[in-house]
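Since the structure comes first, as structure tokens, the remarks are kept for the end.
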Amino acid sequence: MITLESYVLGRWQAGSGPTQILRDPTSEEPIAEVHPQGPDLGQVLAYGRETGGPALRALGFPRRAALLLALSKAIHAHRDELLELSIQNAGSTRGDAKFDVDGATGTLAAYAQFGKELGERAYHLDGAPTQLGRTPRFSGQHLFVPRPGIAVHVNAFNFPAWNQCEKMACALLAGMPVLEKPGTPTALVAWRIARIIVESSLLPEGAFQFLCGGGRELAEHLGPQDVLAFTGSSTTGAKLRGHPVVVRNNVRVNIEADSLNAAVLAPDVTRDSETYDQFLANVELDIVQKTGQKCTAVRRVLVPAERVREVADDLVARLTKVQVGDPRSGETRMGPLVSAQQLADVRAGIAALSQVAEVLCGGAGAVHAKGYFVAPTLLLAKSSESQVFHELEVFGPVATLLPYSGKAADAIALVNRGGGGLVASLYSNDKAWSDEVVLGIAPWHGRIWIGSDRTAGQALAPGIVLPASLHGGPGRAGGGAELGGLRGLEPYFQRLAVQGFQGYLEKLGV
Ligand code: NAP
């Protein structure tokens, strides 16, 4: 069995203390172990700040962008091995494994491209100069400068490759060294990527550190120039944000948390339209892809009440055809959940929802004698008003149909009861209905995806997070913002205004 080590303070180190076992979720066989008690985290963060940070920033934006491309290529060269590890450790089908691994290398490559827009200067201009005095001689210019701290990235288990690389791409390009901490149940893929990064020797020493397991004391060592970027449950996010050291030092915190993402079918969409096919395909994909362990997956499906049985029949017909089983088999469309804990949580979640909903297909029962399997599960709410649908995220292949009147105002009220979402998807060809819903739910979302006959067959699915588009959402979704092209660097920059003689400002640092 492999022991997963951490790469900190310039070397690989195994932890100590109790053993945490990683299992193949298909066979339940142990595959790797982690020992969560590790190095002195105060020293680890200081090493990143003092050794990695200055060397990284000395490279400048263009060379850091080039490094991201080189890292993407180095990781891509191990693609087949990483896909196998993802199948083994996360129970991913090959398609799901590619979604994670190719998403990781694709995001690094995309940031290499975005970085080409940044010049050789040590800062990035934020907008144009503004006249502040009686004449333009006295002006102000807003700048973004890299923060001289360390970016601590605490990642979730569901995208071990992508989550690590998307955060790393933005921080490294901005000029901050990173400490990556993967979600432990699927840490094998993240650990292998860490080994590839270290073996490539592309990054200056100290710019990349990797912490496997533990990390519970990280927040105690964070300072005012550090960034804590967290992806995971809203409960852990709230705990980290409220940590006394984080509060006292005003540590910059970016939280990507859970979200009760909604899909809304408008009353104008008929059963024979392309938009309806797009709706069915996307809802099915969100339930099945990555076994529903996707922060952007749809959990609440709003359907006009008079159409709900028809939609239920169409979705059940699709979902009951999905082959659930060993992800190594070419026939399998959906693999297991990643861990016994996830299986227990998802079963408990289905049980809670089914108190106030009819189970149309799937359910909490066992699918195979071994492995952490659950069937694709669709429920129909007895009343869309029940709070549980708007509060409980069941992080698995589970969604609930919520009947509504078809009126835009009612859709807005129900969608916004989720308390803040990463993405909402709307399906309509009616401009007036779409306008009202988009603007009505906009303040509560990071992203709104609009399906229509005009995009059917062309649009990427709403669950896909793209480097060029913002990822994050207000309220329940964590209040964070990642990606979105060069906007993704903002958490790692300090924004300031410099005021003075315009001629001086134009030549600052050159
Ligand atoms: P989690 O239990 O909150 O864990 C997330 C990460 O935090 C893991 O690396 C975990 O480490 C670490 N952690 C837990 N407690 C900690 C503490 N006290 N101090 C420091 N680190 C701590 O979440 P999860 O179960 O892994 O992930 C699933 C959740 O993530 C879902 O709710 C999902 O919606 C959300 N998610 C959100 C996004 C997004 O972009 N918004 C993306 C993916 C997932 P260990 O694994 O070692 O315990």
Side-chain angles (χ1 to χ4, degrees), residues 4 6 15 17-18 20-22 34-38 41 90 99-100 103 107 152-164 166-167 179-188 190-191 210-222 228-243 245-246 253-261 286 290-299 337-339 341-346 349 391-396 398 418 420-423 445-447 463-465 470-483 488:
L4 304 188
S6 297
Q20 194 169 342
I21 301 286
L22 279 61
V34 172
H35 299 278
Q37 283 166 19
L41 293 174
F99 190 31
D100 185 29
T107 304
V152 173
H153 293 160
V154 178
N155 299 320
F157 66 75
N158 58 337
F159 282 96
W162 173 81
N163 206 190
Q164 175 162 296
E166 55 100 16
K167 283 191 167 59
L179 173 71
E180 298 294 332
K181 188 223 162 289
T184 303
T186 59
L188 187 54
W191 169 81
F210 177 80
L211 182 70
C212 214
R216 295 298 185 263
E217 320 79 47
L218 273 169
E220 285 164 32
H221 303 283
L222 291 168
L228 172 64
F230 167 82
T231 298
S233 63
S234 44
T235 314
T236 313
K239 198 190 288 179
L240 290 173
R241 192 199 293 281
H243 190 285
V245 173
V246 172
V253 179
N254 193 76
I255 294 183
E256 298 292 342
D258 43 30
S259 159
L260 279 303
N261 308 297
D286 264 359
K290 297 210 53 103
T291 318
Q293 299 160 112
K294 210 169 59 176
C295 54
T296 52
V298 66
R299 308 290 175 197
L337 293 159
V338 301
S339 65
Q341 182 62 53
Q342 264 292 106
L343 179 63
D345 288 353
V346 168
E391 213 168 71
L392 177 67
E393 181 205 43
V394 182
F395 204 57
V398 182
L422 295 170
V423 57
H445 289 84
R447 187 158 61 87
I464 299 179
V465 174
L470 187 79
H471 175 57
R476 164 85 190 236
E482 284 185 343
L483 303 175

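Remember, it's 1-based here, ligands and their atoms both numbered in the order they're listed.
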Counting only N and O atoms by type, is there a donor-acceptor contact under 3.5 Å from the side chain of [X] to the main-chain atoms of [Y]?
X      : Y      : result
Ser6   : Cys212 : yes
Lys290 : Asn158 : yes
Ser234 : Asp258 : no
Arg241 : Val246 : no
Asn261 : Arg299 : no
Ser259 : Gly421 : no
Asp100 : Trp162 : yes
Asp345 : Val394 : no

>> Is there a polar contact, in the sense of an N or O pair closer than 3.5 Å, between Ala257 and ligand 1?
In response: yes
> Is the closest N or O pair between Ser233 and ligand 1 shorter than 3.5 Å?
Replying inline: yes
> Is Gly213 near ligand 1, meaning one of its heavy atoms is under 4.0 Å from it?
Replying inline: no
> Does Pro185 have a heavy atom less than 4.0 Å from any atom of ligand 1?
Replying inline: yes
Among all protein heavy atoms in this structure, tell me which lies nearest to [atom], with the distance rounded to 0.1 Å.
atom                    : answer
atom 20 (C) of ligand 1 : Gly215 O, 3.6 Å
atom 33 (C) of ligand 1 : Phe395 CE1, 3.3 Å
atom 10 (C) of ligand 1 : Lys181 NZ, 3.9 Å
atom 26 (O) of ligand 1 : Phe157 CD2, 3.2 Å
atom 5 (C) of ligand 1  : Thr231 O, 3.6 Å
atom 36 (N) of ligand 1 : Cys295 CB, 3.6 Å
atom 17 (C) of ligand 1 : Arg216 CD, 3.4 Å
atom 34 (O) of ligand 1 : Glu393 OE2, 2.6 Å

> Protein heavy-atom contact under 4.0 Å for atom 47 (O) of ligand 1?
Replying inline: yes
For ligand 1, which atoms sit closer than 4.0 Å to a heavy atom of [X]?
X      : value
Pro182 : 9 (O)
Val154 : 6 (C), 7 (O), 9 (O), 12 (C), 21 (N)
Thr184 : 45 (P), 46 (O), 47 (O)
Asn155 : 5 (C), 6 (C), 8 (C), 9 (O)
His471 : 39 (C), 40 (O)
Thr236 : 1 (P), 2 (O), 3 (O), 13 (N), 14 (C), 15 (N), 16 (C), 22 (C)
Leu422 : 41 (N)
Asn158 : 43 (C), 44 (C)

> Who's closest to atom 30 (O) of ligand 1 heavy-atom-wise, of Gly232, Gly446, Ser339?
Replying inline: Gly232
>> At under 4.0 Å between heavy atoms, is it the side chain or the backbone of Leu240 that contacts ligand 1, or both, or neither?
In response: side chain
> Which bit of Phe159 gets closer than 4.0 Å to ligand 1, counting heavy atoms only: side chain, backbone, both or neither?
Replying inline: neither
> Side-chain donor-acceptor pair under 3.5 Å between Glu180 and His153, yes or no?
Replying inline: yes
> Which value, rounded to the nearest 0.5 Å, describes the distance between Glu482 atom CD and Asn163 atom CG?
Replying inline: 7.0 Å
